[in-house]
Amino acid sequence: MSGEFLPPLVAPFLGEHYADFEALSSLIAPPYDVISPEERQRYLDLHPNSIVRLTLPKGDDPYHEAAMTLSEWRASGVLQIDRERCVYVLRQSFVTQSGSGLARTGLLAAVSVEGYETGRVKPHERTHAHVKEDRLALLRATRAMFESLLFLAPDDSARLKTSLSELTACAPLAEANLAGVLSEIWRIEGAAARDLSRAAQESSIYIADGHHRYETASVYRSENPAADRTLGLIVPLGDPGLTVLPTHRLVSGGRIDPSALRKRLEPRFEVVPLDGLTNPVTALESMSPGATKCVVLLAEGNFCLRLKHDADIDDFEESVSPAVAELDVARIDTLVVAEICRVAGLGAEVSYSADVGDVVKSVRNGPHAAGVVLTPTSVEDVLRVADAGAFMPQKATYFSPKVPSGIVLLPFGEHH
């Protein structure tokens, strides 16, 4: 793709949306990959036309079922197509785990699907083929995009942030509440939509959440040239509601001997026993800033770890790129989680959770042998890794809140 002929990175689009804005709270849902089977049924119980019927279809041929459902909704008026190409503004108001009220505002628009080699869209995660196969089958069957990715825009001029602030001064077109997060939606048309799109592409944009879906869209574009864009919520850097949560680690396997584990960790870490009643997050916040640290949870006791300033980590630093070597999450994965797995035995497996409460319960009551509670990775670290062309460790970030599915859909083909 020659740089001379690159299309606009961000553009207005002809979208589809639910006709019944009043029922939107019972129609939208989180992204497909964070919904359990039980939660899927709960969303269907709220409304038979929940977006999960499209994002998580069931049946003998689930992808065909999604295509048939989409066709039925179009024919019966459940969905309406916009009269002209436009963009949407989405403001999500939420309360953090610490009790602070925040709001994150972004532009919901059509983002060009192109290879990373253009440098206009920058990733920070590796993806796995088996995850993309499912979404590709859904795209092929429905010829539509139902979920939005989350992008970050540098916005050095503050043009995007200023425009979003001005456009949200009036009453929203629609509102919806999902899991305590209030979504307010504005539809922007005409010259204002084009101006806002230009403001979002002053430089490269970064994928914050949705790498698999972006790369799946790239594969699908090679099959369907009309599918040259994907949905993206573009949030300017510096937005006060731009929050990243840590994704904590859980280790399953055999019983972990605390003494054996401490013996492996003590050459590199200061080990401080932790009262079982102390909140792990509170313990981390009370430790001196700057140092790599975490809390290890075991059935037989918890302790804080802080990397010694003179710790020998040369082998680790030589094994990864310089940008990744500075990340706490990368150091913890290699120097702590890997050691826990060795003590846990050959059957040890690592899983992930952004919910500290779930991690604590899972170690205390089973089935996991250990948990590792981390500090969050900063947005600046994400950008630094992406700019270096490197990749974060698996599950290094959890941008919160998630962008809800069902606010607007992006159809391809005859509806595009």
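Side-chain atoms are counted along with the backbone in the values below, which use heavy atoms only and exclude waters and symmetry mates. Worth saying up front: this structure is predicted, and the values here are computed from it rather than measured.
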For [range], pull every pair meeting side chain to side chain donor-acceptor pair (under 3.5 Å), keeping only residues two or more places apart or in separate chains.
range            : answer
residues 240-253 : Arg249-Asp333
residues 153-176 : Ser157-Glu202
residues 369-378 : Ser378-Asp381

Do the side chains of [Y] and [X] get nearer than 4.5 Å, heavy atoms only?
X      : Y      : value
Ile185 : Pro172 : no
Phe151 : Val10  : no
Arg384 : Leu327 : yes
Phe269 : Val296 : no
Phe146 : Leu70  : yes
Leu305 : Val295 : no
Pro280 : Asn302 : no
His124 : His211 : yes

Donor-acceptor contact below 3.5 Å, side chain Arg229 vs main chain Ala110:
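Checking the backbone N and O of Ala110 against the side chain of Arg229, a donor-acceptor pair under 3.5 Å is found.
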Quick check: does any side chain N or O of Gln201 sit under 3.5 Å from a backbone N or O of Leu9, one acting as donor and the other as acceptor?
yes
According to the ring pair (Phe, Tyr, Trp, His ring centres under 6.0 Å) rule, which pairs have a member within residues 94-123, sequence neighbours left out?
Tyr116-Tyr214
What pair of heavy atoms forms the shortest contact from [X] to [Y], and how long is it?
X      : Y      : value
Ser204 : Gly119 : OG-O, 2.6 Å
Val359 : Ser353 : CG2-CB, 4.0 Å
Ala66  : Leu54  : O-CD2, 3.5 Å
Ala369 : Ile256 : CB-CD1, 3.9 Å
Ala338 : Thr334 : CB-O, 3.3 Å
Ala19  : Gly77  : CB-O, 3.4 Å

Can you tell me how far [atom2] of [Y] sits from [atom1] of [X], rounded to the nearest 0.5 angstrom?
X      : Y      : atom1 : atom2 : value
Thr105 : Ile234 : OG1   : CD1   : 14.0 Å
Gln92  : Leu233 : CD    : CG    : 6.5 Å
Leu231 : Leu108 : CG    : CG    : 6.0 Å
Leu27  : Leu178 : CG    : CG    : 11.0 Å
Glu215 : Arg135 : CD    : CZ    : 15.0 Å

Would you call Lys293-Asp328 a salt bridge at under 4.0 Å N-O?
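The answer is no: the pair does not qualify as a salt bridge.
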Which residues satisfy the side-chain hydrogen bond (donor to acceptor under 3.5 Å, both in side chains) test with [X], sequence neighbours excluded?
X      : answer
Arg364 : none
Glu184 : Arg91
Tyr220 : Asn224
His368 : Ser351, Ser362

Any pair with a residue in residues 191-200 that passes salt bridge (charged side-chain N to carboxylate O under 4.0 Å, His left out), sequence neighbours left out, goes on the list, sorted by first then second residue, please.
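Salt bridge (charged side-chain N to carboxylate O under 4.0 Å, His left out) check on residues 191-200 returns Asp195-Arg198.
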Applied to residues 30-56, the salt bridge (charged side-chain N to carboxylate O under 4.0 Å, His left out) test, sequence neighbours excluded, yields none
Give a yes or no on whether [X] atom [atom1] has more than 12 heavy-atom contacts from other residues, nucleotides or ligands under 6.0 Å away.
X      : atom1 : result
Glu349 : CD    : no
Lys122 : NZ    : yes
Glu22  : CD    : no

With a 3.5 Å cut-off and sequence neighbours excluded, list the donor-acceptor pairs that the side chains of residues 397-412 form with protein atoms.
from   : atom 1 : to     : atom 2 : distance (Å)
Lys402 : NZ     : Asp209 : OD2    : 2.7
Ser405 : OG     : Glu147 : OE2    : 2.5

With under 30° as parallel and over 60° as perpendicular, where do the rings of His17 and Phe21 fit, or are they tilted in between?
parallel
Using the rule given for side-chain contact (heavy atoms from CB on, under 4.5 Å), can you reason through Val244 versus Val382, listing the C-alpha separation, both sets of side-chain angles and the distance that settles it, and then say yes or no?
CA-CA 10 Å; Val244 187; Val382 173; 5.6 Å; no
Name all residues meeting the ring pair (Phe, Tyr, Trp, His ring centres under 6.0 Å) criterion together with Tyr18; count only those two or more places apart in sequence or in a different chain, and write none if there are none.
Trp73
